[in-house]
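For reference, the structure is listed below as structure tokens.
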Amino acid sequence: MSVIQIQNLTKYYGKTLALDGVDLEVEQGEVFGFIGPNGAGKTTTLRILLGLLRKNAGKVSVLGGDPWRDAVALHRRLAYVPGDVSLWPSLSGGEVIDLLGRLRGGVDQSRRDELVERFKFDPTKPCRTYSTGNRQKVALIAALVSDVELFILDEPTLGLDPLMEAVFRDCVAEVKRAGKTVLLSSHILAEVEALCDRISIINAGTIVESGTLAELRHLTRISVSVETAHPVTGLSEMPGVHNTRVDGTRAHFSVDAGAINRVMEHLTRFDVLVLTSAPPTLEDLFLRHYELQRGESAR
Amino acid sequence: MSEFSGTGALIRLILRRDRLLLPIWIALPPLFVVVVVAAFVSLYPTAASQQMLAAQIVNSPGLVALLGPVSAPTIGGLTAWRSSIFATVIVAGANVLTVIRHTRADEETGRYELLGSGVVGRRAPLSASLVVTLGADLVIAALVTGALVAFGLPVAGSVALGLSFAAIGWTFAALAGVAAQLAESAGVATGIAGAIFVLFYLLRAVGDANEQSGQSWLSWMSPIGWMRLVQPFAGERWGVFALFLGAIIALIVVAYTISSRRDVGAGILRPRLGPARATPWLRSPLALAWRLHRRTLLVWAAMFAVYGVMIGYLAKTSADLLATNPQLANLFAHFGGASAYTDSLFTLSLTFLGWIAAAYAITATLRLQSEEVEGRVDHVLAASVSRLRWATSDLAIAAIGSVVVLTAFGLLAGLTYGLSTGNVGYELPRMLVATLAYLPAIWVVAGIAMALYGLVPRLSFVSWGALGAFILVELIGETLQVSQSILNLSPFNQVPKVLVSGVSLMPLVSLTLLAFVLIIAGLVGFQRRSIG
Ligand SMILES: Nc1ncnc2c1ncn2[C@@H]1O[C@H](COP(=O)(O)OP(=O)(O)OP(=O)(O)O)[C@@H](O)[C@H]1O
Ligand SMILES: [Mg+2]
């Protein structure tokens with residue numbers, strides 16, 4: 001069953017086209033990643049899903065309802081963390097958590113206390129004194145305390161330190177185990193990889209790729225730097241190896257996910273001393289996507 | 001890096017951000033002065049009539065307390081008397097808001113971090129806003145002086161009056177600079193500056209009213225008092241400007257000293273810790289609106305109450321004076337129309353009060369907009385609260401708030417005056433009704449703000465322009481003979497002067513209906529548009 005369905009969604013801000021025919025489908029019980037560079041249209045899409053923005057064209061359904069028309073009823077069944085968390089300066093963090101939870105239909109005190117504890121959050125300070133990460137915690141706790149079917153999170157780890165990011169991942173895993181659906185946006189591929197079942201990649205208002213991570217594997221290239229006892233040869237001729245640069249006993253290259261095994265075997269013949277690899281960044285992914293597209297259109 | 005570096009760039013930024021507001025508040029005082037001079041010239045053309053008017057004013061403690069005494073019985077003296085307090089309110093208010101908006105408010109919202117991490121010194125924001133306000137104040141001084149000279153008034157007096165506007169404006173700019181260093185929030189900083197304004201106004205009022213009994217030293221304690229003590233058109237005392245200058249320098253030194261010693265974002269007045277849990281009643285948009293507005297409302301209500309006590313007390317003093325002087329009483333019957341003198345004093349102060357209460361209603365209504373612009377409304381609307389429920393909650397607080405502040409005034413003015421005449425049962429209800437009669441007009445102004453916010457949020461600030469226009473219409477109408485159709489443009493003009501001419505229900509009903517239509521138009525627009 002689809003929890004979110006978007007077809008051909010189009011949104012203009014005045015004359016600028018922010019969304020140009022977006023299609024997206026999120027199934028019940030999955031953690032769905034929505035990634036794209038700055039200004040791609042992630043926040044715009046999510047705010048349309050919440051009925052905060054009016055769409056110009058296309059079909060949108062959330063939990064079986066129309067997000068614009070049925071906003072109030074739907075919002076009882078979902079929780080939202082905005083991309084840019086701004087809070088009431090004079091209220092304390094604890095007050096905001098309780099208020100937002102109650103507005104959505106009630107707060108489970110023990111769950112609230114547990115989350116405050118896990119996120120190591122001090123709820124007594126006025127919101128104006130919170131750091132970015134702490135403001136983010138307020139919004140996250142306020143969302144996670146509610147017993148809802150769907151979580152819409154816009155860059156939820158913004159400003160969190162690695163420790164808190166881990167706590168957040170645990171929370172998402174728990175929510176998923178409880179059969180709930182999560183849609184989260186990000187521009188960090190690694191984060192989405194760690195959390196999501198399926199992802200969609202958006203750029204300049206259009207979805208460029210969608211699928212499970214395995215399905216998108218053809219896009220992911222790992223960049224490798226290696227130092228060997230003997231100078232490496234024959235690397236650039238291997239299939240799946242790109243951008244090779246050999247400098248004496250050092251070599252840099254990127255390799256398609258499918259070719260890693262063969263390349264490793266080849267490298268061991270030169271006696272590997274040091275090897276570092278970096279996961280593909282979003283930029284690599286885009287480069288690769290457009291490379292593939294050009295290749296196809298050339299054929 | 002110098003503490004002042006980047007000031008020039010910040011000045012340009014302020015000029016760019018305030019390019020609409022600055023010209024408006026710069027234009028208001030000169031415009032008002034022109035209207036006042038023109039009115040006095042046409043209504044009191046002869047020296048004899050000017051002297052008679054001046055004598056009437058000086059012998060009326062109520063008027064003296066409200067606006068100060070007349071220094072010279074000439075067109076110049078009368079103009080200085082009539083325009084000083086009004087100009088003070090506008091110029092001081094604008095200076096305070098401008099300085100706080102570009103110092104503490106920017107720091108509070110984190111906009112400053114962007115600048116502070118660039119090549120902007122810690123003293124640059126304050127310096128830039130002081131330079132801009134000084135420039136604006138000097139332009140006002142020049143325009144006022146030019147206008148007065150153009151009407152053929154003596155140059156020295158014209159310069160002194162114009163400069164006194166600039167001096168009071170910049171004094172409050174420097175004061176706001178200090179307040180912005182003390183408090184962590186722009187709201188509290190504005191509150192501090194506002195409270196000091198009220199204090200200075202009261203010192204001046206009591207000092208001026210009791211000048212004969214040797215209490216004019218109280219006026220010397222207040223920069224607002226200094227404006228009159230400059231004595232434009234009455235043998236100018238230029239030395240008083242040295243007082244202004246001394247105060248300004250002292251304030252700026254204090255502000256700079258604090259600014260170099262504190263952290264960005266922090267103040268001197270530390271906010272206390274808040275509750276770890278929300279109180280049980282904080283569970284609806286209405287409760288949230290109340291929680292956010294209550295402190296501001298309390299401050300406004302207290303201000304109105306103090307004003308009520310003051311007016312009630314003055315009315316009593318004036319009435320005593322009139323009782324012992326039948327000749328004067330006769331003059332005043334003429335001055336204030338057919339009704340009793342105290343009633344026209346009350347009516348005059350209610351006119352002021354209506355404007356101020358309308359300003360409160362606009363700020364309260366436009367909180368909707370700041371909630372949206374700051375992105376806080378997203379939390380609420382994403383949490384099972386309809387747009388209608390959210391907007392009406394804030395509107396309800398604005399509407400009830402205006403009832404509360406007006407009641408505070410009416411109650412205390414009626415009580416103070418009633419107690420002094422020993423006739424509370426009669427005075428209190430009358431005063432209360434007369435005050436509350438302003439509600440529908442105030443709601444119309446709030447309705448204009450709501451309609452603009454709902455339909456064209458970008459133009460919400462035009463509601464301030466509308467209020468300014470209404471005030472101008474009233475002022476012009478009061479002093480010049482203008483056609484009724486222009487006067488009727490202002491909702492305040494339709495408010496029945498209850499004390500003078502009794503209650504008439506028709507205008508109250510039609511104003512309330514108009515307010516409803518405006519608010520509903522705003523709500524409909526708001527429900528159909530995108531947020532943010
Ligand atoms: N209120 C607005 N008015 C005009 N244009 C806007 C507005 N909000 C967003 N845009 C534009 O729409 C496009 C999409 O913006 P959006 O905020 O959805 O991007 P995003 O993917 O969330 O980016 P980020 O990763 O930076 O948060 C951008 O080009 C942005 O400039
Ligand atoms: Mg975004």
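Within every chain, numbering begins at 1; the chains are lettered A, B, ... in the order of the sequence lines, protein sequences first and strands thereafter.
Shown here is A/Y12, whose OH atom has no more than 12 heavy atoms of other residues, nucleotides or ligands within 6.0 Å. For A/D147, the CG atom counts as loosely surrounded, since its 6.0 Å shell holds 12 or fewer non-hydrogen atoms of other residues, nucleotides or ligands. Under a cut-off of 6.0 angstrom, the local environment of CG in A/D84 is sparse, with at most 12 non-hydrogen atoms contributed by other residues, nucleotides or ligands. Annotation for B/L20: atom CG counts as buried by contact number, over 12 foreign heavy atoms lying within 6.0 Å.
At distances below 3.5 Å, at least one donor-acceptor pair connects side-chain atoms of A/H75 with backbone N or O atoms of B/L381. Judged by distance alone, the side chain of A/R47 and the main-chain N or O of B/D378 form no donor-acceptor pair under 3.5 Å. A donor-acceptor pair is defined here as one N or O able to donate and one able to accept, closer than 3.5 Å; no such pair exists between the side chain of A/T124 and the backbone of B/A276.
Contacts of B/L282 with chain A are made by both backbone and side-chain atoms, with heavy-atom separations under 4.5 Å. For a residue to count as touching a neighbouring chain, one of its non-hydrogen atoms must lie under 4.5 Å from one of that chain's; by this rule A/K55 does not touch chain B. For chain B, the nearby parts of A/L53 are the backbone and the side chain; heavy atoms of each come within less than 4.5 Å. With a 4.5 angstrom heavy-atom cutoff, B/R528 touches chain A via backbone and side-chain atoms both. For B/E372, no part lies near chain A; criterion is any non-hydrogen pair under 4.5 Å.
Of the listed residues (B/E371, B/R376, B/R529, B/R291), the greatest number of heavy-atom pairs within a distance under 4.5 Å of chain A belongs to B/R376. Interface check for chain B: of the options A/R112, A/R104, A/R77, the most heavy-atom pairs under 4.5 Å are formed by A/R112. Note: B/P280 leads B/G375, B/P280, B/S386, B/G532 in heavy-atom pairs under 4.5 Å with chain A.
Chain B is approached within less than 4.5 Å, heavy atom to heavy atom, by A/W88, A/P89, A/S90, A/L91, A/S92, A/G94, A/E95 from residues 88-95 of chain A, ordered by number.
Residues B/H379 and A/S86 come closest through the heavy atom pair NE2-O, 3.0 Å. Minimum interatomic distance between B/S384 and A/V72 (heavy atoms only, all atoms of both residues): OG-O, 3.1 Å. In plain terms, the two heavy atoms of A/R54 and B/S530 that are nearest each other are N-OG, 2.8 Å. Considering all non-hydrogen atoms of both residues, B/R277 and A/D113 come closest at NH2-OD1, 2.9 Å.
Using a 4.5 Å heavy-atom threshold, the side chains of A/L103 and B/P285 count as touching. With contacts defined as side-chain heavy-atom distances shorter than 4.5 Å, the pair A/R102/B/S284 does not qualify.
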